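Worksheet for the structure shown next.
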Amino acid sequence: MLDSLTFLFEKFFLFSNFYLFKSIWQGTEECAVRCPMLRRGDLLEVQRTLFIHYGIYLGENRVAHLMPDIMPILTTEKQLIKPVVTNKRLILGCIYRNASIRVDSVEDFAYGAQILVNDMDMKMKCQALASEDVARRAEKLVGDIPYSLLWNNCEHFVTYCRYGTPVSQQTERFCNCLKTIIRDQRSVALTVGIGMLYILCFGMAPSTTLPTILIPFILWMAG
């Protein structure tokens, strides 16, 4: 069951990352710094396999970043939790809504990807805080934290530390896409068609008929 959930979750993120929900803060990569000299308080951004990941540089090759992780639920052994979080650990952490703000090396944070530095400064409306204040905020928050894909992810963490306001443009893009789908009345016809096929395959029953009626009705009213 967990393997199936992991597979579906991974495919959803791959789809959303490459087609629908790419951060609207992208598009000015020529302004980003490649392999820079990092300064304490810098906001780092990397493209991981399934998503865009963010962290705060603390100095001495250390990065604070919010990572969903299933391992702390399974064990209290620090040596098992300490290694870099793999995609499978991350996905299961998302499903169980468990995360931590942890400190890793720049290499583990980057996960083999190119690092963009303070690229978000050019798109945010508010000015960045002093670098030392940014780093101290990140250090104070290190530890276990509840995780929410939409309301408390790694982007919320870094924007709170650097700008004083937790926001996530990726989340906003995701929600706007959902609104577009709901407002498109063709989605009503599509759900009716899928519901009718479901009834034909599995027969008339409350478990098949009610969703066929309720879901299109809710989409129609929301649109």
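Note that the coordinates shown come from a computational prediction; the quantities given were computed from them, not determined experimentally.
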Side-chain heavy atoms of Lys140 within contact of Val142, under 4.5 Å: no
Crowding at CD, Glu60 (>12 non-hydrogen neighbours, <6.0 Å): no
Over-ring placement of Arg137 relative to Tyr160, 6.0 Å and 45° cut-offs: yes
Side chains of Tyr147 and Asp69, donor plus acceptor under 3.5 Å: no
Arg62 side-chain N/O to Gly59 backbone N/O, donor-acceptor pair under 3.5 Å: yes
Under 3.5 Å: donor-acceptor pair, side chain of Tyr163, backbone of Asp121: yes
Closest approach of Arg89 to Pro83 (non-hydrogen atoms, all atoms of both residues): NH1-O, 3.4 Å
Nearest heavy atoms of Ser148 and Arg97, plus distance in Å: CB-NH2, 4.3 Å
Other residues, nucleotides, ligands: >12 heavy atoms within 6.0 Å of Arg136 CZ: no
Asn152 (side chain) donor-acceptor with Pro146 (main chain) under 3.5 angstrom: yes
Worked check of side chain to side chain contact (heavy atoms under 4.5 Å, CB included) between Gln47 and Gln114: CA-CA 7 Å; Gln47 178 72 61; Gln114 175 187 328; over 6 Å; no
Pairwise distance CE(Met67) to OG(Ser100) - rounded to 0.5 angstrom: 8.5 Å
Asn118 side, atom CG; Ser131 side, atom OG - distance, nearest 0.5 Å: 7.5 Å
Distance in Å, Leu92 CG paired with Asn98 CG, rounded so as to fall on 0.5 Å steps: 11.0 Å
Common cluster, Val84/Val106, ILVMFWY with side-chain heavy-atom separation under 4.5 Å: no
Nearest-0.5 Å distance that lies between atom CG in Leu74 and atom CD1 in Ile81: 9.0 Å
Asn61 and Glu107 side chains, donor-acceptor separation under 3.5 Å: yes
Glu45 side chain vs Asp119 backbone, donor-acceptor pair below 3.5 Å: no
Steps toward salt bridge (Lys or Arg N to Asp or Glu O under 4.0 Å) verdict (Glu139, Arg40): CA-CA 11 Å; Glu139 288 170 337; Arg40 181 172 163 84; 3.0 Å; yes
Heavy-atom closest pair, residues Pro68 and Gly93: CB-C, 3.9 Å
Stepwise side chain to side chain contact (heavy atoms under 4.5 Å, CB included) check, Leu141 with Cys161: CA-CA 9 Å; Leu141 292 172; Cys161 291; 4.2 Å; yes
Value rounded to 0.5 Å, distance of NE2 in His65 from CG in Asp108: 7.5 Å
Ile56: which of Val134, Leu66, Ile101, Leu44 passes side-chain contact (heavy atoms from CB on, under 4.5 Å): Val134
Within 6.0 Å of CD in Glu77, more than 12 heavy atoms from elsewhere: yes
Carboxylate-amine/guanidinium contact Arg102 Asp104, below 4.0 Å: yes
Straight-line distance of Asp42 CG to Leu116 CG, nearest 0.5 Å: 12.0 Å
Tyr111-Leu43 co-clustered via ILVMFWY side chain contacts under 4.5 Å: no
Sub-6.0 Å ring centroid separation between Phe109 and His53: yes
Worked check of side-chain hydrogen bond (donor to acceptor under 3.5 Å, both in side chains) between Asn153 and Tyr54: CA-CA 9 Å; Asn153 59 39; Tyr54 298 91; over 6 Å; no
Atom of Pro166, atom of Thr159 and distance for their closest heavy-atom approach: CA-OG1, 3.5 Å
Same apolar cluster (I L V M F W Y, side chains within < 4.5 Å links), Leu129/Val167: yes
Cluster check Ile145, Leu58: I/L/V/M/F/W/Y, side chain < 4.5 angstrom: yes
